[in-house]
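To find a chain, count down the sequence lines: A is the first, B the second, and so on, and within it residues start at 1. Computed from a predicted structure; not experimentally measured.
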Amino acid sequence: MRYSKTLIPTLKEIPAEAEVISHTLMLRAGMIRKLAAGIYSLLPMGVYVTKKVEGIIREEMNRAGAQEVLLPAVQPAELWKESGRWEEYGKELLRFKDRHERDFCFGPTHEEVITDLISKEIRSYRQLPLNLYQIQTKFRDEIRPRFGVMRGREFIMKDAYSFDCDEKGVDESYNRMYDAYCRIFERCGLKFKAVEAETGVIGGSFSHEFMVLADSGEEGIVFCNSCDYAANIDRAEIRTKENGDGGENKEERKEIKKASTPGMKTVEEVSKYLKVRPQDLVKTLIFESENGIIAALVRGDHQINETKLKRFLDSNILLLAGDEAVREVTGAPSGFAGPIGLNIAIFADHGVKGMQNFITGANEIDAHNINVNIGRDFEIKGYGDIRNVKEDDKCPRCGKDANIKRGIEVGHIFKLGTKYSQMLGATYLDSKGEERFIIMGCYGIGVGRTVAAAIEQNHDENGIIWPMPIAPFQVLILPLNTNDTMVMETSEDIYTSLIDKKIDVVIDDRDERPGVKFKDADLIGIPLQIIIGLRNLKEDNIEIKTRRNGEIFKCSVDAVADKIIKLVRQDA
RNA sequence: CGGGGCGUAGCGCAGCCUGGUUUAGCGCACCUGCCUUGGGAGCAGGGGGUCGGAGGUUCAAAUCCUCUCGCCCCGACCA
C-alpha cells in the first residue's frame, strides 16, 4: 500500500469527545470517525485491523469445527414474539416497520434467527452436533454509548451457536469454544482472564466472560492468585466465614440513642462526625421493584451489588428509589434512612447478621440512631449475599487473598440449554425415535471492542503499538528524502521485494518532512519501520526500528528483506 | 429517563455575561509560491462560516427570550 493513495487522516490535536485512550488513538490514527452517537465509520486503517482480528477469529473457529454462515441483520418481529423477547428486550431493540406496516427489528443478537433456521433444517441426531458462526453488524440501542467503539450502538460481532443432543455434547461444545477463545485472544496479543459470569437477557445456565485487563474497563472482576478462581464482581460470592460475615456477636446490647448529624448523609461523613469506623454503620438502601418497595441493608464499609440483590429477590426490575419515594417510605430525605419503623420488607447482607449496637439513619432529617440492634429494634425478612467483594475479602474458593481489577468484556460464552429450542420448537429425533429439544450454546466476541482493548493494552505517549498479528501493516517504509532518486529507488526496491515475500507493507511516499513521517509512523503504530535516509544510504545502510521498544539498528540494503521476514515471523 | 454542560471554518477554541467598532476572530489543517528535508520547519499570499435549526424581542442579535435538534459528561441499564 502507498501512503499517498490511502486515507489515513491523523490528528495532531486530541479530540474533545474522547474519554479513553483507545478512543483518542483510534481517532488520532485515522481509524474511525463518528457519524452519530455510538455509530462509527471505519476508515482504511480501521478496516485493516478489523480484518486481521476477523481472520484470527475465522481460523480458530474453523479449527474448532465451526462453520461460517451469514444471517440477516433485519429480522421479522414474529420470531421475537415467539421467543418472548419482543416484549422482554426493551428499548435496546431497534424496531421499525416496513412499507406494509409490518414490524421488524435490527438484530442485536441472532438466537431467534438461528434457532428458527435449525428448527427447519435439523431432523435427526445424526445431523448433530453442529456449530454455526457469523461475523456481522449488530445494533443495540444502548442508553448511553461511550468510549468510541468500545460501547457503540452499531458494532461488529462474531456470534456462534452450538447445537447438541445432550448435556455431555453441549459441555464438549462449550469447552471447545472456551479453548478457541483463549487461542483467539492470545493470538491478538491480549492479556485477558476468563471469568465466571452472569447470563443476562440472553438467558441460560452457565457462562464465562473473557475480560481484557484494563483500568478503563467497565466490568469489575475478582480473581485469586493462589487458585484459578475468577469471576465477574456481579457473580463473585462472598466467602462468609473467612470474611467474618454472619458471625455471632456477644457484646452487650446498649440502649438506643439518637444523635444529631446535621447535613451528614454519607457513611464517610457520619462516621467521621461521630468518630466511629465505617463498619460500625449500617447503610439502608431503598429500592423499587415490580413487587413493590423494599429496603436492603449492608455494612457501612460495604457496597451493595444490585445484580446480586436482583437475583436474591428474584426480581426483573430493580431501581434505587428516587428522593421522592425515599421521603414517602422513610419520612426523611435520602441520607437519613434507617430500618426502624419501616413498614416495607427489609433484607440484609450476611455481613449485617452479627452486628450489634450499630448506627443507622433515624428516618428523620439530620439525625442518626446509635446502638441499633436487630430483633430488638426491627426485624430482617431475609439475609443474602448482596454486596460486592471488597479488596480485603478472601477468595471464595480457597480462602486466600482475592484481587479486584477492571476488565473489558471482549467475549462471552453461554450454555443456553433448551430455552430457545423450546420457544421456537427446535427438536430432533434421537436414536430411539423420540423427539427431543436441541441443547444450545452461544458464543460472542466483540470485534471492535477487541481492537479497542488491544490499543488499551498496547500504546505509549506517541501512539498505538500494534501486536504483530493484528497490525494493519507489518512494516512501514519511511523514505526520508523524497526528492533524492537513490533514496526513492532503494525504498521502492525494498517495497516490492517485501510484497513479493507476502509481507504487509506500506510505503510513506508522501512529500513530507521527516518529522511529520516519524510522528505519523509512531501514531499509527506499525510494528516495524524501515527508515531510509541519505545519511545511511551513502554507506549502503538503512535502519530498522521496532515500534514497541524504540530500538533502532542499521542493516545493509541487501540484508533488509531477510531480516524483516525474520522479525515478522518471530512476532506473528 | 433524571441531573449537569456544549453546539462559532475540517479539528481545537475565543467572542456571548454587559446587543452596535467585528466585514465574526485565533491556533492547527487546507491551497499557491519560495525555501527547507533525521522528530509535527520558515516566509509571503490565499480559500473556507446559514455562529446547530425555527420563531420572537430590538433601530440593531453569534450575543437577550421561547421552542426545537444534535452532541458530551454523571446516574440508572446492558451480549
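- Using a 4.0 Å heavy-atom criterion, one finds that A/E209 contacts no nucleic acid atom at all.
- When each of A/E218 and A/V516 is assigned the nucleotide of RNA chain B bearing its nearest heavy atom, the one mapping closer to the 5' terminus is A/V516.
- Using cut-offs of 30° and 60° for the angle between ring planes, the A/F210 and A/Y181 rings count as tilted.
- When the salt bridge (Lys or Arg N to Asp or Glu O under 4.0 Å) test is applied to A/K91, no partner is found at least two apart in sequence or on another chain.
- B/C78 atom C1' lies 17 Å from atom CZ of A/R235, rounded to whole Å.
- The shortest distance between side-chain heavy atoms of A/R28 and A/L523 falls below 4.5 Å.
- Whole-Å rounding puts the A/R33 CZ to B/A29 C1' distance at 12 Å.
- For B/G7, the paired nucleotide is B/C69, the pair qualifying as Watson-Crick or G-U wobble because both relevant distances are below 3.5 Å.
- For A/K34 and B/C72, the shortest distance from a side-chain N or O to OP1 or OP2 is below 4.0 Å.
- Counting to the nearest Å, the C1' atom of B/C77 and the CG atom of A/D234 are 12 Å from each other.
- For the C1' atoms, the distance from B/C73 to B/U57 is 33 Å, rounded to whole Å.
- Within 4.0 Å (heavy atoms only), A/K310 reaches sugar-phosphate atoms of the nucleic acid but no base atom.
- The distance from atom CG of A/L27 to atom P of B/A29 is 19 Å, rounded to the nearest whole Å.
- Atom CD of A/E328 has 12 or fewer neighbouring heavy atoms from other residues, nucleotides or ligands inside a 6.0 Å radius.
- Residue contacts shown for A/D159 are absent, as no nucleic acid heavy atom lies under 4.0 Å away.
- For A/K519 and B/A29, the NZ to P distance is 14 Å, given to the nearest whole Å.
- Protein atom CD of A/Q303 is 15 Å distant from nucleotide atom C1' of B/A76, rounded to whole Å.
- Ion pair A/K81/A/E88 not flagged as a salt bridge, since none of the NZ, NE, NH1 or NH2 atoms sits closer than 4.0 Å to an Asp/Glu carboxylate oxygen.
- Nucleotides B/G39 and B/G25, compared at atom C1', are 32 Å apart to the nearest Å.
- Taking atom P on both B/G20 and B/A61, the two are 11 Å apart, rounded to the nearest angstrom.
- With both pairing distances under 3.5 Å, B/A61 is matched to nothing as a Watson-Crick or G-U wobble pair.
- Scored by the side chain to side chain contact (heavy atoms under 4.5 Å, CB included) test, A/D484 finds A/N481, A/M486, A/V487, A/L534 as partners (sequence neighbours excluded).
- Between B/C28 and B/G40, the distance separating the two P atoms is 14 Å to the nearest Å.
- For residues 141-157 of chain A, proximity to RNA chain B is found at A/I143, A/R144, A/R146, A/R151, A/F155, A/M157, defined as any non-hydrogen atom under 4.0 angstrom from a strand atom.
- For the P atoms, the distance linking B/C31 with B/G48 amounts to 16 Å, nearest Å.
- In this structure, A/H208 and A/Y174 have tilted ring planes: the angle between them lies in the 30° to 60° band.
- Between B/A79, B/C72, B/G40, one nucleotide has an atom nearer to the side chain of A/A37 than all others, and that is B/C72.
- Within 4.0 Å (heavy atoms only), A/D484 reaches no atom of the nucleic acid at all.
- If you measure from atom CD of A/E461 to atom P of B/G39, you get 17 Å, rounded to the nearest angstrom.
- The nucleotide B/G48 finds no pairing partner, because no Watson-Crick or G-U wobble arrangement with both distances shorter than 3.5 Å includes it.
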Legend entry - Contact letters for nucleotides 31-38 of chain B, in which S counts primed atoms plus P, OP1 and OP2 and B counts the base, heavy atoms under 4.0 Å: -----BBB
Inset, instruction - Report the C-alpha distance between A/D159 and A/K138 in whole Å, list the side-chain angles of each, state the deciding distance to 0.1 Å, and finish with yes or no for salt bridge (Lys or Arg N to Asp or Glu O under 4.0 Å). - result: CA-CA 10 Å; A/D159 51 327; A/K138 312 270 193 211; 2.7 Å; yes
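- Ion pairing between a basic and an acidic side chain is recognised when a charged N comes within 4.0 Å of a carboxylate O; A/R548 and A/D460 show no such pairing.
- Residue A/Y420 is tested with A/E82, A/E111, A/R85 for a side chain to side chain donor-acceptor pair (under 3.5 Å); the sole match is A/R85.
- Nucleotide B/C43 has B/G33 as its partner under the Watson-Crick or G-U criteria, with both atom distances under 3.5 Å.
- B/U58 and B/U66: their C1' atoms are spaced 16 Å apart (whole Å).
- A/R28 comes within 4.0 angstrom of a base, heavy atoms only.
- Listed by chain and residue number, nothing satisfies the salt bridge (Lys or Arg N to Asp or Glu O under 4.0 Å) test with A/E209 (two or more places apart in sequence, or in another chain).
- Atom NE2 in A/H23 sits about 13 Å away from atom P in B/C71, given to the nearest Å.
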Legend entry - Protein proximity profile, nucleotides 5-14 of chain B - base contact B, sugar-phosphate-only contact S, no contact -, cut-off 4.0 Å on heavy atoms: ------BSS-
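- Base pairing of B/U23: no nucleotide in any strand meets the Watson-Crick or G-U wobble criterion (both distances under 3.5 Å).
- A/E409 and A/H412 share a donor-acceptor pair across their side chains, judged by distance under 3.5 Å alone.
- For the pairing with A/D522, the side-chain contact (heavy atoms from CB on, under 4.5 Å) check across A/K517, A/E461, A/K545 returns one residue only, A/K545.
- Pairing for B/G2 goes to B/C74, judged as Watson-Crick or G-U wobble with the two contacts each under 3.5 Å.
- Straight-line distance between the C1' atoms of B/C13 and B/A62: roughly 15 Å, to the nearest whole Å.
- Across the C1' atoms, B/U63 and B/U8 are found 11 Å apart, a figure rounded to whole Å.
- Just one residue in the list A/R58, A/Q134, A/K158 forms a side chain to side chain donor-acceptor pair (under 3.5 Å) with A/E68, and that residue is A/R58.
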